[in-house]
Amino acid sequence: METPATDHGPATPGDDADIPRAALISDAADQVATLVARAVHARCGVVYFVDGDRLVLYGGYGLPLPRADYADIPIENTLAGIVVRTGADLVIDDLTTDERVPAGSPIRRHGLAGSYLGRPIRDERGAIIGVCCAFDAEARRWSDDDRAAVAAAAQVGTLLIAERLSGYEIDRQRRFLDAVLDSLHDGVTACDADGRILLVNARMQQLWDAARMPGDLDSDAVLAHLTDGDGNAVRPEEISLHRALRGERLRDHELIFSGQGRRTRHYVVDAQPIIGPDGRTLGAVQAVQDVTRRKRAERFRTCELHVITALADAPSVEAAGPRVLESIVRTLGWTHAELWLADDAAGVVRSAAQWHTPEWPDGIEVPAELPYGTGLAGRAWQAGKPLWIRDVGLPQSLISAQTAAESQLHAALAIPVRNGLETLGVLTVFADSAEDADDELVALMSGIAAHIGQFVERRTVDDLQRQLTRTKNEYLALVGHELRTPLTSIGAYTELLRDADSEMLVREGPRMLEVIDRNTTQLRHIIEELLELSALDAGHASVQFTPVDLAEVVRESVTRTRKAIEHEPLTVEESLPERLVLPGDRRRLGQVVDNLLGNAVRFSPDGGRITVRLRVAGRAAELAVSDTGVDVPTDEREKMFTGLYRTSRVRDQAIPGSGLGLTLSRAVVQRHHGSIELSEHDGPGTTVLVRLPLDAR
């Protein structure tokens with residue numbers, strides 16, 4: 001009997017037509033075709049799959065033509081096409097006489113004779129997805145048993161194709177799932193009810209390290225170096241997946257990994273059980289998010305706030321230094337930090353503060369100063385940019401091998417402390433393990449160094465402002481005093497000359513005129529020094545930089561001084577190099593040396609000794625002029641460089657002088673980018689130390 005057509009037509013390209021043909025390749029289809037042929041005692045059995053408007057050979061047995069002729073053909077003008085179009089069995093007893101055989105069919109083209117029996121293959125929805133058919137080489141009448149056998153084979157084909165398509169769909173969904181899981185930023189792990197790990201996405205492999213991926217939750221690798229958010233070691237029963245297998249649902253569970261030689265990582269874990277349709281626990285799944293960068297950003301903000309607070313409350317960078325360095329070390333989880341301040345004139349960076357973790361077993365020796373370009377701090381000053389050293393124990397790490405071995409330090413970072421383009425110091429930090437360069441960390445440290453630089457500059461400006469206010473008041477008082485003294489003498493002796501008679505003029509006149517002349521000369525000298533000091537401070541006085549042999553300048557000044565005191569009980573000793581060339585103004589530097597030697601002579605008692613020493617110290621020339629005269633109290637040393645100031649002991653002993661010599665000298669030295677100070681002196685007397693850079697600035 002003919003099978004009536006149904007309402008379900010053939011599969012369309014929108015249904016299964018987009019299934020790749022490779023998904024349907026199966027030896028089982030050939031077996032179905034064989035089963036069809038043998039069940040009806042036919043020469044040939046064929047199973048087709050409908051792919052849109054084409055027929056794709058799914059399985060074949062006893063094909064009369066080459067397989068390629070059946071592999072992929074248009075559905076139009078074929079007997080299978082009639083089956084698809086009608087949705088019913090097609091029974092042809094004699095292919096040569098039956099008018100239903102299309103004129104353009106392969107059967108007509110190849111002149112084949114025989115009989116045909118075909119039946120549609122439907123999916124579970126009733127849509128036609130293929131055709132199962134039998135050919136015989138001779139005309140024959142197909143019995144009901146033959147039709148039933150082909151129907152049974154079509155049913156097997158339905159199951160087979162459905163299985164293949166279902167497998168393909170499962171594989172496709174699995175691939176989609178794998179792609180989705182591997183694209184996540186979170187690491188995903190799933191295990192079965194026995195704790196065997198079944199699924200690990202790519203991100204989890206990166207977090208977990210695929211080289212030692214555990215096979216189950218009882219592996220030691222699961223617990224290695226793991227702690228909870230409070231820093232307590234994680235016990236086996238506290239593993240997130242174990243807790244999920246016991247029915248817990250975890251949200252934002254914190255874990256910390258601190259592997260030896262690896263950076264500490266912070267994770268947040270969500271985990272839950274996988275429940276089957278019968279309510280039993282089939283396994284558990286967890287999602288692990290790496291929040292290290294977020295935690296680090298929070299710590300960085302806290303660190304920066306602590307640094308700003310420490311700087312805001314401190315009177316000086318030396319006072320703020322330990323608190324600033326402690327905040328940095330604790331934030332980074334590193335071991336040791338140092339703060340250095342640059343002394344341009346001396347060509348060195350000097351240690352201003354240091355701090356290391358209290359747990360560190362031994363103290364870390366830090367030199368008092370480092371020359372320009374020497375050591376990590378000196379090299380960072382020279383380079384003018386951050387320097388990262390992965391391990392200071394390696395050769396050419398800028399840290400001496402002995403220091404690296406004794407301190408047990410490894411990674412190091414040095415950041416210049418700047419204000420604009422000027423380097424004010426260097427900030428260095430050290431870790432107890434090797435670390436690769438970290439751009440975020442360098443950015444944080446650069447920001448902190450900028451805060452320190454602004455603080456140093458602000459404190460310098462504040463100090464200068466206070467000093468300026470104090471100096472202005474002192475200056476006005478002292479100018480009035482120093483100018484009033486010679487003017488009083490000039491006025492008094494002028495009055496005496498006006499009232500003197502001829503006899504007194506002859507007897508006292510020359511002496512009075514000498515007093516007036518001496519005081520006039522002193523007054524002119526004070527005014528000239530004040531004008532020159534003002535010009536230097538305002539930048540109007542010219543300073544011509546040329547290569548100057550400072551040793552020759554000092555030698556000439558010493559020679560002049562010796563001639564001036566050759567009849568006085570004073571000695572001048574010098575220690576000078578043959579040559580010491582630096583950029584400077586020869587005349588101005590000569591003024592400085594003359595002022596210092598003049599002060600030394602003026603303040604030295606009979607039998608005193610003046611010592612002049614010139615040497616190279618780092619990137620600077622150091623000139624020290626010492627005397628055995630009046631010493632200067634510590635609290636008055638800086639005041640000696642303010643205009644017209646004279647130490648109390650000098651005033652008590654009525655030693656003459658205007659008090660402008662050191663002020664002028666400082667102005668000249670500062671225009672040469674140098675420094676001048678009263679340094680420590682053994683025994684009575686004073687030592688003035690001048691530092692001048694050897695390099696052009």
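Throughout, numbering of the chain's residues begins at 1 and tracks the sequence.
Asp186 and Arg203 are not joined by a salt bridge, as no carboxylate oxygen comes within less than 4.0 angstrom of a charged side-chain nitrogen. A salt bridge links Asp89 with Arg119; the closest basic N to acidic carboxylate O contact falls under 4.0 Å. By the 4.0 Å N-to-carboxylate-O rule, Asp290 lies close enough to Arg265 to be salt-bridged with it. Salt-bridge check for Arg174 with Asp171: passed, with a basic side-chain N closer than 4.0 Å to an acidic carboxylate O. A salt bridge is defined here as a Lys NZ or Arg NE, NH1 or NH2 lying under 4.0 Å from an Asp or Glu carboxylate O, and Arg85 with Glu76 fails to meet this definition. Under a 4.0 Å N-O distance rule, the pair Arg235/Glu237 qualifies as a salt bridge.
Side-chain atoms of Asp182 come within 3.5 Å of backbone atoms of Ala202 as a donor-acceptor pair (strictly under, hydrogens ignored). Arg109 places no side-chain N or O within 3.5 Å of a backbone atom of Ala103 that could act as its donor or acceptor partner.
The distance from the CD1 atom of Ile75 to the CG atom of Asp51 is 10.0 Å, given to the nearest 0.5 Å. Note: Ile197 CD1 to Met204 CE = 8.5 Å, rounded to the nearest 0.5 Å. Ile415 contributes atom CD1, which lies 8.0 Å from atom CG of Leu441 (distance to the nearest 0.5 angstrom). Here the straight-line distance linking atom CG of Leu95 with atom OH of Tyr116 works out to 9.5 Å at 0.5 Å rounding. Atom CG of Leu117 and atom CZ of Arg140 lie 8.5 Å apart (nearest 0.5 Å). For the atom pair CG (Leu55) and CZ (Phe49), the distance works out to 10.5 Å, reported to the nearest 0.5 Å.
Other residues, nucleotides and ligands contribute only 12 or fewer heavy atoms inside 6.0 Å of the CZ atom of Arg175. Open room surrounds NE2 on His185; 12 or fewer heavy atoms of other groups in view lie less than 6.0 Å from it. Other residues, nucleotides and ligands place no more than 12 heavy atoms under 6.0 Å from the CZ atom of Arg293.
Residues Val50 and Ile129 are not in side-chain contact: their nearest non-hydrogen atoms beyond the backbone lie 4.5 Å or more apart. Under the 4.5 Å side-chain criterion, counting only non-hydrogen atoms from C-beta, Arg141 is not in contact with Ser143. The side-chain heavy atoms of Trp142 and Val40, taken from C-beta on, include a pair separated by under 4.5 Å. Taking the side chain as every heavy atom from C-beta outward, Gln272 and Leu250 never approach each other to under 4.5 Å. Looking at Thr78 and Pro106, their side chains come closer than 4.5 Å, going by heavy atoms from C-beta outward. Contact annotation: the side chain of Leu177 approaches that of Leu181 to within less than 4.5 Å [non-hydrogen atoms, C-beta and beyond]. No side-chain heavy atom of Val131 sits under 4.5 Å from any side-chain heavy atom of Pro120. Here the side chains of Val101 and Arg108 are in contact, with some heavy-atom distance below 4.5 Å.
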Please test Ile107 against Leu79 for side-chain contact (heavy atoms from CB on, under 4.5 Å), starting from the C-alpha separation and ending with a verdict. CA-CA 9 Å; Ile107 291 175; Leu79 296 179; 3.2 Å; yes
Could you walk me through whether Glu338 and Phe430 pass side-chain contact (heavy atoms from CB on, under 4.5 Å), step by step? CA-CA 9 Å; Glu338 300 163 357; Phe430 298 85; 3.9 Å; yes
Check against side-chain contact (heavy atoms from CB on, under 4.5 Å), Arg54 and Asp72: CA-CA 7 Å; Arg54 303 188 71 80; Asp72 186 348; 2.6 Å; yes
Do Leu427 and Met445 pass the side-chain contact (heavy atoms from CB on, under 4.5 Å) test, and can you show the C-alpha distance, the side-chain angles, and the key distance before you say yes or no? CA-CA 8 Å; Leu427 180 63; Met445 295 296 294; 3.5 Å; yes
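Of all non-hydrogen atoms in Ala380 and Val426, the two that sit nearest each other are CB-CG1, 3.9 Å. Nearest approach of Cys44 to Leu63, heavy atoms of both residues: SG-CD2, 3.7 Å. Summarising the geometry of Tyr48 relative to Ala80, their closest heavy-atom pair is CD1-CB, 4.1 Å, with the distance given to 0.1 Å. Across all non-hydrogen atoms, the minimal contact from Ala337 to Val429 is CB-CG1, 3.7 Å. Of all heavy-atom pairs spanning Pro273 and Arg249, the tightest one is CD-CG, 4.1 Å. Heavy atoms only, all atoms of each residue included: Ala449 and Pro416 are closest at CB-O, 3.6 Å.
The side chain to side chain donor-acceptor pair (under 3.5 Å) contacts involving residues 300-311 comprise Glu304-His451, where partners must be two or more places apart or lie in separate chains.
A cation-pi arrangement is absent between Arg390 and Trp388 under the rule of less than 6.0 angstrom and at most 45 degrees off the ring axis.
Among Val46, Val156, Val150, Asp146, the one residue that satisfies the side-chain contact (heavy atoms from CB on, under 4.5 Å) test with Val36 is Val150.
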